[in-house]
Amino acid sequence: MSTIRVRFAPSPTGALHIGGIRTALFNWLFARSQGGAFILRIEDTDQSRSTDESIQIILDGMKWLGLDWDEGPYRQTERMDRYREHIDGLLKEGKAYHCYCSPEELDARRKAAMAAGKPPKYDRKCLGLKEPVEGRTPAVRFLSLDEGETIVRDLVRGAVTFENKQLDDLIIQRSDGLPTYNLAVVVDDATMNITHVIRGDDHLNNTPRQVQLYKALGYEPPQFAHLPMIHGPDKTKLSKRHGATAVTEYQDLGYLPEALVNYLARLGWSAGDQEIFSLQELIEKFTLENVGKAPAVFNPEKLLWLNHHYIQQADHGRIAELLLDLLKKDGIVAKGNEPDGEWLKKLVGILQERSHTLVEMKDSAKAFLVEEVEMEEKAKTKHLKPDIAPVLTTLLERLKAVDPFTHDGIEKVFNGMVDETGLKLGKIAQPVRVALTGGTVSPGIYNVIEVMGKEQTMKRIEAAVGMIK
RNA sequence: GUCCCCAUCGUCUAGCCCGGCCUAGGACACCGCCCUUUCACGGCGAUAACGGGGGUUCAAAUCCCCCUGGGGACGCCA
């Protein structure tokens, strides 16, 4: 039994897309669950669109999500000799031929065919050519079968039959001498001994041609598994116009990698009723049999719910570090002037359960870190009225005496105030909340006071009383 | 237009392969109630789906056919 080898083969032409990383995840999960190898290969044969920066984005994204690879990253541009050999071989055996048609001519003929209701297939104009065409560098086309049918046995879809006459002679080498995707992918998968090609559904139509190429080249085709697409709310292929689709965007939006992984895993795959999976559980439970066939609409709300879940679960220290990064990025915390680590953990502790993202947490944390609170006008006029000033002043006095300055002691002071004044707790708590945080929304007021500390609490309540007068 | 794929709550899905246990289960969202010092969290509850038509069968969400609908591919992109 040969070992299982799978690969993720992105093209470095921009952001690392949600759909792409989902494909990577499924490949990775399959490899890890089967004890196979996961190979990373960069498909950069299109030199006009590939960039090193994009490669870095791919590597960073995969590392962030914890998808480690066993081999690579290989780059196709480093394997040109291999492609050339294969192409020359096909040429020699008459399984490929030179084509001198220009892209413009081809485009015109393709459109004409479509308009006439015919399959937009290459007309083999150059097939019988004996002499080179003057002044043109040829591309190379693969001579495909025009009779019979090619059957793709797909692990998620079953047998898919294509009539060979529908398939045209695809270009395997550009006129600039570089191989095209269809050739490079076949040569690489064959020579890298890839056993399972797991990729997006949008490649299903390429598969019969690739199968023919494998055979023409004398290779055994691998097993195929085509994953359903991820759609936007309008049920079309997920793309930029649907909003955040890049992995880095989710990172910036304050999502935890385990939330994204968990969410993506459940898009097109399931294991009974289970919703929450650790990476380890995913590895244990992942099978291609449980991959669905229908496309899935990307649902940001559910991702948000998962992110909230993982923020609750996460270690306070880890969240504190991530939070600190965001705080610095926003200039709320200056470099060299970081808050105490233990204190920050306490802050995380009270912010955690109401934060769905790290960015949300950062916004709530701001009031605890700035020198001067920004007062929301509406909150101020509603809660900081003259009649509350004496209450705040009394409260201030009593709070001053609380020692240790912790939740329970603070609570006693408030309860005492409620008993004496006959006011409802909310009537006292809200003004204090506004005084301390500048707004009407925050964690429990005793927690806020404790974490803010005696000094800041005094200062801010005093300032509020001053503001009222 | 041609080819290919797909079809269960608004969304992700379980069930389908091996028909009966399905009065179709779970989750997100939404709505209601409870908890409550605000906002959340949490708890409880409700609404909500087998696209249509034909078969096959004692019995179909499950098997077959057609229709419809949706998607994808049709590049010297990957």
Side-chain angles (χ1 to χ4, degrees), chain A residues 9-13 20 43-46 48-50 99 101-103 106-107 110 113-121 137-141 152 154 157-158 160-163 166-168 170-176 178-182 184-185 199-208 226 228-229 231 233 235-237 263 266-276 289-290 292-306 308 312 352-356 360 364 379 383 411 414 418 424-430 432-434 437 439-446 448:
Chain A
S11 62
T13 53
E43 312 236 313
D44 57 351
T45 57
D46 183 351
S48 61
R49 300 202 308 153
S50 300
C99 173
C101 300
S102 73
L106 292 170
D107 196 43
R110 188 161 32 234
M114 276 202 203
K118 288 189 223 157
K121 181 181 157 175
T137 10
V140 177
R141 278 185 191 273
V152 175
D154 191 277
R157 268 147 233 284
V160 184
T161 306
F162 296 83
E163 281 185 79
Q166 290 290 340
L167 277 24
D168 66 347
L170 48 89
I171 291 181
I172 54 177
Q173 186 180 80
R174 302 184 179 84
S175 49
D176 64 5
L178 296 175
T180 59
Y181 162 74
N182 279 298
V185 77
R199 71 220 317 188
D201 212 1
D202 45 348
H203 285 282
L204 187 54
N205 284 295
N206 283 325
T207 311
H226 286 94
M229 300 270 85
H231 282 178
K235 312 261 178 127
T236 66
K237 202 168 143 182
Y263 179 70
R266 280 288 284 99
L267 226 43
W269 174 84
S270 62
D273 284 341
Q274 191 171 347
E275 297 287 351
I276 308 285
E289 288 77 63
N290 288 331
K293 299 178 188 188
V297 174
F298 187 84
N299 180 209
E301 262 94 39
K302 192 157 181 179
L303 172 57
L304 202 59
W305 169 74
L306 276 166
H308 176 258
Q312 309 320 303
Q352 210 172 19
E353 74 178 8
R354 65 204 68 225
S355 303
H356 287 77
E360 212 177 289
S364 314
H383 296 287
E411 182 174 13
F414 273 77
V418 167
K424 287 202 170 186
L425 182 53
K427 288 287 171 199
I428 307 175
Q430 275 308 76
V432 175
R433 196 184 312 277
V434 174
T437 68
T440 54
V441 174
S442 86
I445 195 67
Y446 312 135
V448 170

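Partners of A/His383 by side-chain contact (heavy atoms from CB on, under 4.5 Å), not counting sequence neighbours, listed by chain and number: A/Gln430, A/Pro431, A/Val434, A/Thr440. Legend: residues meeting side-chain hydrogen bond (donor to acceptor under 3.5 Å, both in side chains) with A/Gln352, ordered by chain and number and at least two apart, are A/His316. Every side-chain hydrogen bond (donor to acceptor under 3.5 Å, both in side chains) that A/Ser48 has, sequence neighbours left out, goes to A/Asp46. Under the rule for a salt bridge (charged side-chain N to carboxylate O under 4.0 Å, His left out), the partners of A/Glu275 that lie at least two apart in sequence or sit in another chain are A/Arg266, A/Lys302. With sequence neighbours excluded, no residue forms a side-chain hydrogen bond (donor to acceptor under 3.5 Å, both in side chains) with A/Asn206. Scanning for side-chain hydrogen bond (donor to acceptor under 3.5 Å, both in side chains) contacts around A/His308 gives A/Gln312, with sequence neighbours left out. Not counting sequence neighbours, the partners of A/Glu163 by the side-chain contact (heavy atoms from CB on, under 4.5 Å) test are A/Lys165, A/Gln166. A search for side-chain contact (heavy atoms from CB on, under 4.5 Å) contacts involving A/Leu425 returns A/Phe414, A/Val418, A/Tyr446, not counting sequence neighbours. The side-chain contact (heavy atoms from CB on, under 4.5 Å) search around A/Leu304 returns A/Tyr255, A/His356, A/Thr357, not counting sequence neighbours.
Using a 4.0 Å heavy-atom criterion, one finds that A/Thr13 contacts no nucleic acid atom at all. Using a 4.0 Å heavy-atom criterion, one finds that A/Thr440 contacts the bases of the nucleic acid, with or without backbone contacts as well. Counting any heavy atom pair closer than 4.0 Å across all strands shown, A/Lys237 reaches sugar-phosphate atoms only and no base atom. Using a 4.0 Å heavy-atom criterion, one finds that A/His203 contacts the bases of the nucleic acid, with or without backbone contacts as well. Contact annotation for A/Thr45: backbone-only contact, meaning every heavy-atom pair under 4.0 Å involves sugar-phosphate atoms and none involves a base. Within 4.0 Å (heavy atoms only), A/Thr180 reaches sugar-phosphate atoms of the nucleic acid but no base atom. Within the nucleic acid shown, A/Gly200 has no heavy atom closer than 4.0 Å to any nucleic acid atom. Heavy atoms of A/Asp168 sit nowhere under 4.0 angstrom from any nucleic acid atom. Within 4.0 Å of A/Pro208, counting heavy atoms only, lies no atom of the nucleic acid at all. No contact: A/Cys99 has no heavy atom under 4.0 Å from any strand. Among the heavy atoms of the strands lying under 4.0 Å from A/Leu267 are primed sugar atoms or P, OP1, OP2 only; no base atom is included.
The heavy-atom pair separating A/Thr137 from A/Ser175 by the smallest distance is O-CB, 3.3 Å.
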For nucleotides 2-9 of chain B, 5' to 3', base contacts (B), sugar-phosphate-only contacts (S) and non-contacts (-) with protein non-hydrogen atoms under 4.0 Å give SBSSSS--
Once base and sugar-phosphate atoms are separated, protein heavy atoms under 4.0 Å mark nucleotides 22-35 of chain B, 5' to 3', with B, S and - as ---BBBSS------
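Evaluation of atom-type donor-acceptor distances gives a pair under 3.5 Å for the side chain of A/Ser175 against the base of B/C76. Interface remark: the A/Arg354 side chain does not form any donor-acceptor pair with the B/C41 base, using a distance-only criterion of under 3.5 Å.
Taking the nucleotide of RNA chain B with the nearest heavy atom to each of A/Pro228 and A/Ala429, the more 5' of the two is matched to A/Pro228.
Atoms CG and CD1, from A/Leu178 and A/Ile172 in turn, are 13.5 Å apart once rounded to the nearest 0.5 Å.
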Nucleotides 61-65 of chain B: which of its N/O atoms have a protein N/O under 3.5 Å away?
none

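In this structure, of B/U38, B/C76, B/A78, it is B/C76 that holds the atom nearest to the side chain of A/Pro103.
Salt-bridge formation is detected for the pair A/Asp201/A/Arg157: a Lys NZ or Arg NE/NH1/NH2 atom is positioned less than 4.0 Å from an Asp or Glu carboxylate oxygen.
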